[in-house]
Amino acid sequence: MPSSDVSSPTAPVPACPVPADDAALAVLDALPLPALLLDAAGVVRHANTAWRTEVAALDDPRLVCLPGRTRYVDLVSGLGDDAATRAFLGRMRDLLRGELDEVRHDCALDCPGGTRWYQLVATPVGGTGSVIVTHTDVTARVRADRASTWLARHDPLTALPNRSHLHRLVDAELQRPGRGPVSVLLLDVDGFTDVNDSLGHGVGDELLRQVATRIGRCARASDHVGRLGGDEFLLVSPDCPPEGATLLAERCRAALAEPFAVAGHTVRLGASTGIATTAAGASPAHAACLVRDADLALAAAKAGGPGGVRVFAPALQLAARRKVALRTELEQAIESGGLVLHHQPILHLPTGRYTGAEALVRWQHPERGLLPPGEFLPVAEQYDLLVPLTRWVLREAARHNVAWRRQGLDLVTGVNLHARHLSTGTLVDDVLAALEEAGMPPVNLVCELTETSVAEDPDSAAVQLAELRRRGVEVSIDDFGSGYSSLGQLVNLPTGVLKIDRSLVAFDGDRHRHAAAAIAAVVALGRACGIQSLAEGVETAEQLALVTELGCAYAQGFHLARPMPAAEVPGWMAARGSGRRPRRWPLQAAGGKASR
């Protein structure tokens with residue numbers, strides 16, 4: 001309520017002189033803003049035309065004032081009895097006493113068409129004891145400010161809290177006195193990208209709204225659900241231990257597994273979930289740390305396949321730190337020569353001579369010793385280091401090959417490439433630059449790509465591989481038979497060698513007949529297309545005898561030779577009377593179909 005010195009509306013109103021200058025009142029009426037003239041006691045003496053028009057439009061009886069009878073403080077207090085209003089009335093009292101030069105106040109007015117906001121500005125009329133109060137409609141500005149504030153905290157697509165607001169909500173829960181365990185669930189929608197790509201972003205947006213609704217239905221009343229971005233959602237669950245969070249994740253997964261109907265399509269999705277929990281009574285962590293831990297758990301869940309649920313454990317953070325450290329060390333190794341190449345000899349079966357070798361990268365780690373590719377290639381792929389690593393391998397392999405030639409050893413060197421190198425568009429230039437720098441003949445190099453990497457963009461791959469063969473470099477399809485081998489792809493790609501995957505070669509006794517049939521089919525198919533075959537992963541004498549009998553041109557594997565440092569290759573070859581490539585390797589040397 002107003003301060004105690006403000007008179008009651010039923011008390012007699014004392015007479016107070018007010019300027020009766022008609023010209024002054026005319027000026028007040030000419031103001032575009034609704035305005036009231038108050039006397040020294042705060043009684044309304046005149047309401048201008050704009051005020052009367054505004055009151056008539058609002059049709060609110062609380063705003064009706066009778067000049068000479070209505071006290072302004074009573075008019076305002078009738079609109080609300082909150083702390084801000086009471087403070088305004090106190091300042092009005094000081095203004096009427098001459099203790100202030102101006103009073104401002106923002107007032108909200110509930111109207112049938114929605115809340116409207118007015119800025120009240122009271123200023124004394126110099127030397128008269130009177131006060132003019134103007135009322136500016138600031139509804140548009142307030143709504144714009146509130147909309148801007150809302151957008152700063154919410155995702156406009158789903159109307160859920162966004163990343164920054166979610167972090168504030170998590171921090172608030174972590175700082176809450178007497179809190180229990182706080183769990184955050186990071187959900188990644190499995191299969192959403194395919195829907196976006198196939199049905200369009202409009203359908204994808206509607207699908208995300210439906211996903212948000214379903215997750216919200218799974219949440220408890222005390223939970224917060226928000227969207228971090230893309231197809232990732234965060235569910236903040238206070239007073240929820242890991243077991244309860246796991247049950248909640250399973251509930252969300254089951255809800256999202258139900259078919260979605262969107263734009264005339266039936267869509268099926270799933271969800272992978274990472275969970276992180278701060279125990280009750282534990283020192284409050286930051287929201288960013290808790291969400292980071294959930295993200296690590298999510299990555300571990302997705303590594304196990306779609307639909308997984310994983311609870312964060314400190315080992316995940318340790319592994320992430322090691323991976324980041326490994327990335328930095330690998331970058332330095334590529335730049336400073338910390339990598340080494342080993343070479344696995346390749347046997348030409350018709351002549352029984354070793355005519356080539358596959359270059360295999362190793363990392364001579366200063367602390368962990370010699371690391372095989374499986375220890376660091378996944379890190380290179382994750383952090384976009386595959387292309388610079390491959391450039392290093394090309395240069396080093398070419399340098400080794402030229403050094404062997406100087407020792408009278410004429411070998412073909414195979415180098416593995418990656419699909420990412422195809423996508424850069426620099427593959428041909430990188431290969432030719434390595435050859436030119438070392439002085440290596442193009443016919444001594446075979447570029448190997450897996451069939452799955454070529455399948456990502458077969459048209460682009462065909463153009464680049466054809467250019468390599470035109471320049472004299474042979475092309476090999478690695479791991480053929482391990483994926484969804486395409487006959488059309490085989491016919492259209494400019495390829496000279498098929499490397500039969502070790503999964504076909506490494507048969508057991510029960511699979512001998514089936515493996516033989518598969519290998520024979522690949523050999524016959526390659527021969528019909530003018531392509532030679534190489535059996536990789538030969539680890540037993542029986543396997544070597546089979547691939548020889550079935551007509552493979554080349555073989556490699558531990559039964560024949562293990563990878564070895566470049567310096568050991570000449571002596572190893574000399575001991576076996578090998579080191580000269582056959583006239584039909586590569587195919588270009590015998591007029592093969594380099595233009596295919």
Side-chain angles (χ1 to χ4, degrees), residues 154-155 158-192 208 210-258 269-321:
H154 293 80
D155 166 44
T158 62
L160 295 176
N162 61 14
R163 180 185 295 271
S164 61
H165 191 31
L166 281 168
H167 280 216
R168 286 191 289 269
L169 292 172
V170 174
D171 280 332
E173 290 293 346
L174 293 176
Q175 298 295 334
R176 180 167 53 86
R179 67 166 177 81
V182 178
S183 291
V184 296
L185 289 75
L186 183 56
L187 296 94
D188 182 86
V189 181
D190 298 327
F192 173 76
L208 285 175
Q210 293 190 29
V211 167
T213 299
R214 290 196 188 182
I215 295 176
R217 290 172 182 168
C218 295
R220 306 173 306 168
S222 59
D223 295 343
H224 306 285
V225 178
R227 180 183 174 216
L228 292 184
D231 57 359
E232 285 191 345
F233 293 82
L234 191 72
L235 198 159
V236 184
S237 191
D239 302 317
C240 180
E243 314 85 67
T246 302
L247 292 175
L248 183 55
E250 291 294 343
R251 192 158 65 239
C252 291
R253 186 193 61 77
L256 297 184
E258 293 294 324
L269 299 174
S272 300
T273 309
I275 300 171
T277 303
T278 295
S283 298
H286 292 296
C289 297
L290 202 55
V291 175
R292 177 206 60 201
D293 292 346
D295 196 20
L296 291 173
L298 174 62
K302 294 176 70 173
V309 177
R310 184 74 176 266
V311 178
F312 172 79
L316 294 176
Q317 187 174 23
L318 181 60
R321 288 175 178 171

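Values reported hereafter were calculated over all heavy atoms of this structure, with side chains retained and with hydrogens, waters and symmetry mates removed. Note that this is a predicted model, so its numbers are computed, not measured. Residue numbers start at 1 and run along the sequence shown.
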On a heavy-atom basis, which atom in Ala271 and which in Leu187 lie closest, and how many Å separate them? CB-CD2, 4.5 Å

Compare every heavy atom of Val225 with every heavy atom of Ala219, then report the nearest pair and how far apart it is. CB-CG2, 3.7 Å

For His224, give me all partners under ring pair (Phe, Tyr, Trp, His ring centres under 6.0 Å), at least two apart in sequence or on another chain. none

Suppose the criterion is salt bridge (charged side-chain N to carboxylate O under 4.0 Å, His left out): which pairs have a residue in residues 293-319, not counting sequence neighbours? Asp188-Lys302

Can a donor-acceptor pair be found, under 3.5 Å and without considering hydrogens, that links the side chain of Arg227 to the backbone of Gly230? yes

Flag the pair Leu298 / Ser272 as yes when at least one side-chain heavy-atom distance between them is below 4.5 Å, and no otherwise. yes

Is there side-chain contact between Phe192 and Val211, with heavy atoms separated by less than 4.5 Å? no

Are Leu185 and Cys252 packed together at the side-chain level, in the sense that at least one heavy-atom pair is separated by less than 4.5 angstrom? no

Closest non-hydrogen atom pair, Ala249 against Val309: CB-CG1, 4.0 Å

Compare all side-chain heavy atoms of Arg179 with those of Pro238 and state whether any distance is below 4.5 angstrom. no

For Arg176, what residues pass the salt bridge (Lys or Arg N to Asp or Glu O under 4.0 Å) criterion, not counting sequence neighbours? Glu173, Asp239

Minimum heavy-atom separation for Ser237 and Arg220, please, with both atom names. OG-NH2, 2.8 Å

Leu235 and side-chain contact (heavy atoms from CB on, under 4.5 Å): which single residue from Asp223, Ile275, Leu166, Thr273 fits? Asp223

Heavy-atom closest pair (Cys218 atom, Leu248 atom, distance to 0.1 Å) is O-CD1, 3.3 Å

Are any of the side-chain heavy atoms of Phe312 and Leu290 separated by less than 4.5 Å? no

Check for a donor-acceptor pair, side chain of Arg214 on one end and backbone N or O of Ala255 on the other, with a separation under 3.5 Å. yes

Grab the two heavy atoms, one from Cys240 and one from Thr277, that are nearest each other, plus how far apart they are. O-CG2, 3.9 Å

Around atom CZ of Arg217, are there more than 12 heavy atoms of other residues, nucleotides or ligands at under 6.0 Å? no

